[in-house]
Amino acid sequence: MKTKTVIFLGDGMADEPVDELNGLTPLEHAHTPAMDSIAKDGCCGSLLTLPPGFPTGSDVANMSILGCSLAAEYCGRGPLEAAGLGITLSPSDIAFRVNLVTVTDGILRDFTGGHISDGEAAELIREVNSRFGSEHVQFYPGAGYRAAVVLSGSGHSHLVRTGKPDNHQGEYLSDNLPEAEAAAAEETAALMRRLMLESPDALERTPVNAARRAAGRPMANSLWAWSGGKMGSVTTLKEKYGVSGAVISAVPVIKGLGRCLGMDVIEVEGATGYLDTNYEGKAQAAIEALSSHDLVYLHVEAIDEVSHEKDLAKKLQAIEDFDSRIVGPVLDHFGTGINAAVLPDHPVPVAHGKHTRTPVPVAVRMNGMAADNVQSFGESHCQNGSLGLMTGAALMEKLFLS
């Protein structure tokens with residue numbers, strides 16, 4: 001019998017020392033007794049999740065954590081987003097991630113479109129399909145501002161250089177237009193440029209944005225397509241580690257990665273990807289899933305979102321909510337009867353609101369594992385742990401092959 005394992009993933013939770021917190025990071029300053037207990041009773045270290053040569057995105061980071069070979073299996077974010085939305089891609093289909101964003105005076109102001117709701121976003125994507133869609137170009141709404149576009153038929157290519165929108169807030173769209181990386185991709189790059197430049201004319205006229213404008217809220221008035229790719233081949237967790245898995249997340253890219261890894265995707269009503277997410281529902285779903293799965297990957301997006309907003313108070317709140325409403329209840333239910341790991345997927349320092357490649361702190365508690373001397377969970381503490389600096393699939397190998 002395998003010991004059941006839960007991985008608690010606080011998206012964007014890692015940070016840098018903050019002057020207002022007396023030189024501590026938000027994670028080190030926050031009250032996190034549940035995560036601290038994993039560190040105290042287990043072993044700690046750090047994990048490089050965003051190696052050089054790959055984008056600094058959550059797709060790359062979570063693939064790293066779950067033991068994927070990035071060199072062989074990374075396919076771009078678009079196909080994972082599509083998989084998360086339940087879209088089956090043919091081998092020739094191209095998928096891009098799409099953000100509904102806020103643009104004023106030609107400048108990207110908000111890569112979340114003012115955290116537009118699912119219902120509003122679905123209406124806008126319907127308008128986008130009527131304006132830009134065709135038999136071979138289809139747009140699909142995701143969670144909030146997140147969407148996808150799938151290009152089918154001949155003449156399309158994923159070899160298009162695009163910018164990650166949260167890296168370019170405050171910059172002119174005209175300075176960040178997609179570019180073809182090969183002659184065969186020029187038609188696709190031209191379509192992506194058209195979406196960015198012409199979508200404001202279509203979206204600003206919609207009832208959704210008229211209502212948002214009247215209420216003084218940011219309009220989701222433009223599209224930003226990025227990280228295109230073709231569906232690749234990903235080795236499942238069952239094939240690689242001999243375990244069954246389930247994933248709990250609000251966002252399509254994590255759901256899609258889970259599906260590609262052969263994991264069951266567990267939907268939780270009220271999971272929003274923001275501070276108002278259904279924490280208790282996600283914790284209960286994890287407890288139930290551990291009865292029938294070897295591994296549950298419990299992902300919370302809210303910490304990442306408020307980190308991009310550069311909101312220190314909200315980041316502290318999101319970290320403490322993650323600890324008290326997710327990690328604590330699951331650990332309280334099982335006691336020491338399960339193995340547990342906790343980590344962020346990547347840092348998002350509130351000072352500048354962008355992902356960095358700094359290795360993230362990790363704490364692992366396993367039956368039969370002797371604890372090291374780390375007493376609390378945080379960036380500087382975990383650097384002194386016995387696990388050291390891990391790379392590649394080292395975390396999954398520790399959990400399932402040691």
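Bear in mind the structure is a predicted one, so any value in this text is a computation, not a measurement. As a basis for the values below, the full set of heavy atoms in this structure was taken, side chains included, without hydrogen atoms, waters or symmetry mates. Numbers here simply count residues along the sequence, with the first being 1.
- For the residue pair Arg97 / Ser227, no side-chain donor-acceptor distance below 3.5 Å is found, with atom types taken as modelled.
- With hydrogens and angles disregarded, no donor-acceptor distance shorter than 3.5 Å links the side chain of Asp294 to the backbone of Lys4.
- With hydrogens and angles ignored, the 3.5 Å screen pairs a side-chain donor or acceptor of Trp224 with a backbone N or O of Gly163.
- We find that Asp311 and Lys315 are not joined by a salt bridge, their nearest charged nitrogen and carboxylate oxygen being 4.0 Å or further apart.
- Counting non-hydrogen atoms of neighbouring residues, nucleotides and ligands closer than 6.0 angstrom, the CZ atom of Arg131 exceeds 12 such neighbours.
- Counting non-hydrogen atoms of neighbouring residues, nucleotides and ligands closer than 6.0 angstrom, the NE2 atom of His31 reaches no more than 12 such neighbours.
- With Asp110 contributing its side chain and Gly114 its backbone, the two residues share a donor-acceptor pair below 3.5 Å.
- The neighbour count for Lys354 NZ, taken as heavy atoms of other residues, nucleotides or ligands under 6.0 Å away, is above 12.
- Ion pairing of Arg193 with Glu186 is present here, as a side-chain N (NZ or NE/NH1/NH2) and a carboxylate O approach within less than 4.0 Å.
- With hydrogens and angles disregarded, a donor-acceptor distance shorter than 3.5 Å links the side chain of Ser199 to the backbone of Leu223.
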Q. Could you walk me through whether Thr102 and Arg109 pass the side chain to side chain donor-acceptor pair (under 3.5 Å) check?
A. CA-CA 5 Å; Thr102 301; Arg109 303 296 184 182; over 6 Å; no

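- Side-chain atoms of Glu81 do not come within 3.5 Å of backbone N or O of Gly256 as any donor-acceptor pair.
- With sequence neighbours excluded, the residues satisfying side chain to side chain donor-acceptor pair (under 3.5 Å) with Glu309 are His115, Tyr274.
- Side-chain N/O atoms of Thr277 and Glu301 include no donor and acceptor closer than 3.5 Å.
- In this structure, a donor-acceptor pair under 3.5 Å is present between the side chains of Tyr297 and Asn62.
- Between Gln284 atom CD and Ile326 atom CD1 the span is 11.0 Å, to the nearest 0.5 Å.
- Applying the 6.0 Å contact sphere to NZ of Lys398 captures no more than 12 heavy atoms from other residues, nucleotides or ligands.
- Between the side chain of Asn278 and the backbone N or O of Glu269 there is at least one donor-acceptor pair closer than 3.5 Å.
- Annotation: side chain of Asp36 is not in contact with side chain of Gln375 (no heavy-atom distance under 4.5 Å).
- Within the 4.5 Å cutoff, no side-chain heavy atoms of Ser152 are placed close to those of Ser90.
- Counted by atom type alone, Asn221 and Asn209 present zero donor-acceptor pairs between their side chains at under 3.5 Å.
- Glu305 and Thr112 share no side-chain donor-acceptor pair at under 3.5 Å.
- In this model, a donor atom of one side chain and an acceptor atom of the other lie less than 3.5 Å apart for Thr25 and Glu379.
- Side-chain atoms of Arg259 never come within 3.5 Å of backbone atoms of Lys255 as a donor-acceptor pair (strictly under, hydrogens ignored).
- Atoms CZ and CG, on Arg146 and Leu100 in that order, are 11.0 Å from each other to the nearest 0.5 Å.
- Between the side chain of Lys314 and the backbone N or O of Val306 there is no donor-acceptor pair closer than 3.5 Å.
- Contact check for Val60 versus Thr56: no side-chain heavy atoms found under the 4.5 Å cut-off.
- One N or O on the side chain of Asp345 and one on the backbone of Gly12 form a donor-acceptor pair closer than 3.5 Å.
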